[in-house]
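Have a look at the structure below, then the notes.
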Protein chains: 2
Amino acid sequence: MHHFALWVAAGGIRGTMIGIKRLADELGLSIGTVSRALNNRPDVNDATRQRVKEAALRLGYVPNQSGRSLRAGQTGVVAFVMQTGHEITGHGDTFIMGVFSGIQTALAKHRLDLVALLCPSDEDAEDYLKRMVSRGFADGFILSSTQHVDRRIDFLAERGVPFVTLGRSSSDAGQPWIDTDFAGIAEVSIARLASKGHRRIAITVPNDETNLGFVFTEAARSALHAQGLALDPELIFGFVPNEASGYDIASRLLALPDRPTAIILLNPGLTIGLYRRLIEAGVEPGKDIAVIGRDSPQSPFLSPRLTYFREDLDSLGIALGQALLASMPRFAKSYPSGVVRQVWPSELIEGESDGLVIR
Amino acid sequence: MHHFALWVAAGGIRGTMIGIKRLADELGLSIGTVSRALNNRPDVNDATRQRVKEAALRLGYVPNQSGRSLRAGQTGVVAFVMQTGHEITGHGDTFIMGVFSGIQTALAKHRLDLVALLCPSDEDAEDYLKRMVSRGFADGFILSSTQHVDRRIDFLAERGVPFVTLGRSSSDAGQPWIDTDFAGIAEVSIARLASKGHRRIAITVPNDETNLGFVFTEAARSALHAQGLALDPELIFGFVPNEASGYDIASRLLALPDRPTAIILLNPGLTIGLYRRLIEAGVEPGKDIAVIGRDSPQSPFLSPRLTYFREDLDSLGIALGQALLASMPRFAKSYPSGVVRQVWPSELIEGESDGLVIR
DNA sequence: ATCGTTTCCGTAAACGTTTACGGTATTATG
DNA sequence: CATAATACCGTAAACGTTTACGGAAACGAT
C-alpha cells in the first residue's frame, strides 16, 4: 500500500538537486574545471573532459537554469504567448500543434526550448506580457492573435526584446511577422465563386479587434471589386471563433430577405455549426448555397465535402522560428539579414460545398 | 518607413532590464530595504514602502525570475507537460483550454503561473522531463497522457518533485491523480445500449500504451458482463486519436461479416471520421447503427445529433490544480491533507445517434 | 538621565552558474 | 641547462535576488 495519509513531496525541488559543486567534489576537481569541461572550452584536458562528462551523465547532472541564466543573461527559452480560452479556439488543436512542431525544428538547431505562455483570460494581455518579459522569462517571444492596434508590439520593440508575431498588425515596430495570405484567399475564392455566377457573396470577420478582420475585409472588398462586385455591408457577418457562432451566422443568413448565394468562412470552427443550421433548415451546402472554409482536422470529413483553404503549418512554423532567430543577436549571423514579413500561401482543396452554379 | 535592412533586437533581454539595484539608487535606499518593502516584510516604514512600490510601478520594475528562483530555490511556475503533435489531439482545443483555465484559477490564489511545456515529438518524453526538472524549470509538474507504465512518474516521485497526473497509470508512486470516470462511461453507455436490445457492442481503445485503454477495456468488459454479455475481441478497435482513424474504424467495422450494432467512441476526434465513412456507405448513425461518443467542440453540431459524454473541464482543472498545491510543501497547509485520486464524472448528453433499437 | 525596547535600515552572505585571471607543472626551444 | 612557451587547473568575481544579522536612531519606562 501507499502512504495515502500525507503525500507532500519530500524536499521540493532543491532537496535532491545535484549541482556542479557536488559533481566537482565527486570528481576531486574544481567547479571551474567542471564547468569548462561540460561547456567544451578548449583549456581542459581531453581525459578530464571525458571523465567529467561521464560522471555528469551517471549522476544525472543538468545545469540549473536559474544559475545559468542569471550569469549569462539568457534563458535558452523561447515563449509562444497565447491566451487561455479564446486563442486558437476554432482552429482545432492541430493548427497550433503544427506550428509548434515547425518552430521547434527551427529552434532545435540552437538547443532552444519552446514553451507556451498562457495568459489567464482574466488578466490583461499586455500586463501579462510585461510581467513575463520583465521577469526575464525567455530570450524571445512569439505573439499570436495580434490585434489591430496591439500595444504589446510597441512594448517589446521599445524594450529591445527579440520577437515575431504570428499575424500582422497595424501596430508596426518593424518587427518580423508571418501571416496567412488573406488576400490570396479572398481573390481565389471570390474569383471562383464569381465564375460560377455568384453575385451576392457573404464574408465573415471576427467580432473583436483581431487584425485579420481588417485585413480580410479589405482584401475581400478589392477582390469583389475586381469582379465588378461590391461588398454589401449586410453580407458581412461578425463571428467569435467557435462552432456556435457558425450556427448563429447561418440563422442570421437564412433570415435575410435577399439571401447571399455564397459565404466564405474565415474561421474553421464556424463550419460545422453553419452546416448544422443549414441542414436543419433544409438548405444543402453546395447545392442550395456555396460554402468555402478553412482547414481544420474536421474539414476533410464533412458531408457534403467542404471546399477549403489549407496551409502548410509545419513550414510556417519553421519560418516563424527562423525569423525569430534572425532577430536574436546571438543567432542573427546564421540567418540571412532582412526582416521576414511574409504572407503564407494557402492551397485550395476542392470539395462539393461550393458546387452551386448560378445560371 | 521602418528599418527593414537589419532588424536585430537591440540589447537582448538584459540591455534595458531594470533591476533592484537601479531602483534602489533611484530611491536613495539600499537594495535590502527595497526588497523588503516590495515583499511586504514587516520591518520597513510604511511611508518608505509606499514610496518604493510607487517607484517600482512607475519604472516598471519586476523582479528578475532567475535571480529570485536562484535565491529562493523556487520558480513560481507550474508546468503542464504535453507532447507536440500527439497529445491533446482529437479532443479539440477546448478540452485542454478548459482544463488550463481551471488550473489557473486554482493557482491564482498563490500567484503561481502556469506554462505549457512542449516536448518535441522527436525527443523521448522521459528524457525531456528529466531535463526540465533537473534544470529547475518549475516548482510543480502536471503530467498528461499517462502511459500504462510511465517511468516519468517513478522519476518524479524519486526526486521528490511535486506533481500530479491527468489520468491514472499502473505506475503508482502514491501521487495524486484525476482521471475521467471510464467505468461510469462504460456502465452507463453499455446499460443504455443493452436496454435497447444491443448485444454486439464495439469499443475503441488507443493503439499505444496510453493507460486509459487498459482502464476502459476492463471497465467495458465488466459492464458487458453485468449485462450478461461478453467482450468480443473482434469488436475492440484500436485507434490513434484523430479523425482519419475514425474513418478507418468505420471501414473495418463495415467489412465485418457479423457487424456490431453499436459502437462506443472513446476519443472525440474519431466521431466525424466515422460519421463520414458510415454516410458514404449509406449507413445512418442512430438508425442503422448506434454511436456513443465523447465531448468536443463539434459534438453538439453533428448530424444526426450525437449522444455523448461531457465533463466539466473547468472544475476538473481546479481540482487538478488544488491537488498539486496540496502536494507542494509551501502550500500544503492551505489544503486538506490526503491524496486526491479521483475519477471525474461525465454527464450523458442524449442525441439521436444511439437511437437504434434492436427488436 | 539611564536603560531597555522598538523601529527602521544598511551590510553581507548565499543561491548555481560561467569566465577572466593567475598560477603551477609540463613541454618545447635555444 | 636555462628560459620561454604551452597545457591545464584553481580562484574568485559577477549575475539579481532574498534574508539573517547587526547597528543606529527614536521612543518608553523607571
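Every chain is numbered from 1 and lettered A, B, ... according to where its sequence line falls, protein lines coming before strand lines.
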When every non-hydrogen atom of Ser69(B) is compared with those of Gln65(B), the smallest separation belongs to OG-O, 2.5 Å
Compute the bend angle of the helix from dA1(C)-dT30(D) to dG30(C)-dC1(D) from the end axes (five pairs per end), rounded to 10°. 50°
Filtered N/O pairs between nucleotides 23-27 of chain D and protein, under 3.5 Å:
none

When every non-hydrogen atom of Leu70(A) is compared with those of Ser66(B), the smallest separation belongs to N-CB, 3.9 Å
Over how many whole Å does the gap from Ile20(B) atom CD1 to dC15(D) atom P extend? 14 Å
Any Asp139(A) side-chain heavy atom under 4.5 Å of Val77(A) side chain: no
Going through the distances and angles, do Gln175(A) and Ser327(A) end up as a side-chain hydrogen bond (donor to acceptor under 3.5 Å, both in side chains)? CA-CA 9 Å; Gln175(A) 84 285 359; Ser327(A) 65; over 6 Å; no
At their closest point, which heavy atom of Ile153(B) faces which heavy atom of Phe163(B), and how far apart are they? O-CZ, 3.7 Å
d(CZ, Arg68(A); P, dA14(D)) in whole Å: 22 Å
Contact nearer the 5' end of DNA chain D, comparing Gly67(A) with Leu29(A): Leu29(A)
Hey, are Asp43(B) and Arg41(B) close enough for a salt bridge, meaning a charged N less than 4.0 Å from a carboxylate O? no
Distance-only donor-acceptor hits, side chain of residues 51-63 of chain A, under 3.5 Å, sequence neighbours excluded:
{"from": "Lys53(A)", "atom 1": "NZ", "to": "Asn40(A)", "atom 2": "OD1", "distance (Å)": "2.9"}
{"from": "Glu54(A)", "atom 1": "OE2", "to": "Arg58(A)", "atom 2": "NE", "distance (Å)": "3.4"}

Minimum heavy-atom distance between Arg68(A) and Asn39(A), given as atom pair plus value: NH2-OD1, 4.2 Å
Heavy atom of residues 46-56 of chain A under 4.0 Å from DNA chain D: which residues? Thr48(A)
Is there a donor on the side chain of Arg71(A) or the base of dT18(C) sitting less than 3.5 Å from an acceptor on the other? yes
Using a heavy-atom distance cut-off of less than 4.0 Å, which residues of residues 30-45 of chain A contact DNA chain C? Ile31(A), Gly32(A), Ser35(A), Arg36(A), Asn39(A), Arg41(A)
With respect to the side chain of Asn64(A), which nucleotide from dT17(C), dT17(D), dG16(D) is positioned closest? dT17(C)
Asn211(B) and Ser170(B) have their tightest heavy-atom pair at OD1-N, 3.8 Å
Ser144(B) side chain reached by Phe80(B) side chain, heavy atoms, under 4.5 Å: yes
Could you give the CD1-to-P distance, from Ile18(B) to dC15(D), as a whole number of Å? 16 Å
By ring-ring contact (aromatic ring centres under 6.0 Å, His included), which residues pair with Tyr128(B), not counting sequence neighbours? none
Separation of Leu70(B) atom CG from dT17(D) atom C1', in whole Å? 8 Å
Taking side chain as C-beta onward, heavy atoms only, is Phe141(A) less than 4.5 Å from Leu324(A)? no
Which atoms form the tightest heavy-atom contact between His110(A) and Ser334(A), and what is the distance? CE1-OG, 4.3 Å
